[in-house]
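Hydrogens, waters and symmetry mates play no part in the numbers below; they use all other heavy atoms, side chains included. All values reported here derive from a predicted model rather than from experimental measurement. Starting from 1, each residue takes its place in the sequence as its number.
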Amino acid sequence: MPGGPGSGPGAATGTGAKPDRPPKPPAPGSGSTPSAPGTPKPGGGGGTTSPPPPAKPAPPPTPAALKLSAPQRAPADKRWCEKVTVEFRNTGGTPARSGTITFATHIIGALGVDWATIRSSQPLPAPIAAGATRSQTYTVCLESWRVPLGMRVETRDVSAVWE
């Protein structure tokens, strides 16, 4: 049949068919993009390994935490004074930069009666590094009129505040 479909001058050249075009590059993220050099190709066999995951950041350091020993007492040259040694242990993660130690000094009568407790404060031996232990001897004195003849002082308790 002359003039039928598939015959005629345009049939051999493909009239109506699309002309040949170069192929389009693949769309980003379609999975068919080439791998960057040095990275393994999907499906294995790349020969290189991926870098290790980043390390977790270190936790922030804990604040200073001082533990005080029991006061070690020694007599001083005056009856209203006493030498008191205290050990400071910083169990925290940062240094104790400043602070105050408070002494509770008891006035004891000749018969052993506790007449009064007087509090006094002095500065800490700062700085105290994290994890360090430091010992300090203080001379703790009360006013002489508070400790009449025949009485003595005893520093029994210590406490501290720090930054």
Side-chain angles (χ1 to χ4, degrees), residues 24-163:
K24 286 184 175 178
S30 65
S32 59
T33 58
S35 299
T39 59
K41 295 184 179 187
T48 59
T49 59
S50 62
K56 292 182 180 179
T62 57
L66 293 181
K67 297 199 184 274
L68 281 63
S69 69
Q72 301 297 316
R73 302 176 20 245
D77 55 347
K78 299 178 179 119
R79 73 175 183 283
W80 56 87
C81 294
E82 186 172 50
K83 292 188 183 287
V84 180
T85 302
V86 180
E87 183 177 275
F88 303 90
R89 182 180 307 269
N90 185 352
T91 60
T94 56
R97 295 183 303 273
S98 63
T100 305
I101 182 168
T102 302
F103 303 94
T105 304
H106 297 255
I107 300 171
I108 309 297
L111 298 176
V113 175
D114 189 344
W115 288 96
T117 301
I118 308 296
R119 299 198 182 281
S120 60
S121 297
Q122 294 189 32
L124 286 179
I128 302 171
T133 301
R134 193 158 177 190
S135 184
Q136 177 78 25
T137 300
Y138 295 92
T139 300
V140 179
C141 292
L142 301 180
E143 294 88 357
S144 60
W145 62 266
R146 290 187 183 265
V147 189
L149 213 53
M151 294 186 154
R152 68 184 189 283
V153 294
E154 287 183 11
T155 302
R156 295 180 180 172
D157 301 309
V158 292
S159 62
V161 293
W162 60 88
E163 294 178 17

Exam field: side chain [X] to backbone [Y], donor-acceptor pair closer than 3.5 Å:
{"X": "T62", "Y": "G93", "value": "yes"}
{"X": "E82", "Y": "T155", "value": "yes"}
{"X": "T91", "Y": "A65", "value": "yes"}
{"X": "R79", "Y": "V147", "value": "yes"}

What distance separates [X] [atom1] from [Y] [atom2], expressed to the nearest 0.5 Å?
{"X": "E87", "Y": "L66", "atom1": "CD", "atom2": "CG", "value": "11.5 Å"}
{"X": "R146", "Y": "I118", "atom1": "CZ", "atom2": "CD1", "value": "4.0 Å"}
{"X": "I107", "Y": "E154", "atom1": "CD1", "atom2": "CD", "value": "11.5 Å"}
{"X": "W162", "Y": "T100", "atom1": "CH2", "atom2": "OG1", "value": "11.5 Å"}

On a heavy-atom basis, which atom in [X] and which in [Y] lie closest, and how many Å separate them?
{"X": "T94", "Y": "N90", "value": "O-ND2, 3.0 Å"}
{"X": "P71", "Y": "V84", "value": "CB-CG1, 3.6 Å"}
{"X": "G109", "Y": "R152", "value": "O-NH1, 3.7 Å"}

List for me each residue that meets salt bridge (charged side-chain N to carboxylate O under 4.0 Å, His left out) alongside D157, sequence neighbours excluded, and say none if there are none.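 For D157, no residue satisfies salt bridge (charged side-chain N to carboxylate O under 4.0 Å, His left out) once neighbours in sequence are set aside.
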- Can you run down the ring pair (Phe, Tyr, Trp, His ring centres under 6.0 Å) pairs that involve residues 55-92, sequence neighbours left out, and say none if there aren't any?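 Ring pair (Phe, Tyr, Trp, His ring centres under 6.0 Å) check on residues 55-92 returns no pairs.
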Donor-acceptor pairs under 3.5 Å, side chain of residues 120-135 to any protein atom, not counting sequence neighbours: which ones?
{"residue": "S121", "atom": "OG", "partner": "T102", "partner atom": "OG1", "Å": "3.2"}
{"residue": "Q122", "atom": "NE2", "partner": "T139", "partner atom": "O", "Å": "3.2"}
{"residue": "T133", "atom": "OG1", "partner": "R89", "partner atom": "NH1", "Å": "3.2"}
{"residue": "R134", "atom": "NH1", "partner": "P125", "partner atom": "O", "Å": "2.7"}
{"residue": "R134", "atom": "NH1", "partner": "P127", "partner atom": "O", "Å": "3.0"}

Requested in this report: Determine, stepwise, if the pair R156 / I108 fulfils side-chain contact (heavy atoms from CB on, under 4.5 Å).
Outcome: CA-CA 11 Å; R156 295 180 180 172; I108 309 297; 3.2 Å; yes
#### Entry: Contact list for residues 100-140, test disulfide bond (SG atoms under 2.5 Å apart), sequence neighbours left out
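Passing the test, one end in residues 100-140: no pairs.
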Residue pairs passing the disulfide bond (SG atoms under 2.5 Å apart) test with at least one member in residues 60-163, sequence neighbours excluded, are C81-C141
Next on the checklist: Just to verify, what does R97 make a side-chain contact (heavy atoms from CB on, under 4.5 Å) with, not counting sequence neighbours?
Outcome noted: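 R97: no side-chain contact (heavy atoms from CB on, under 4.5 Å) contacts found.
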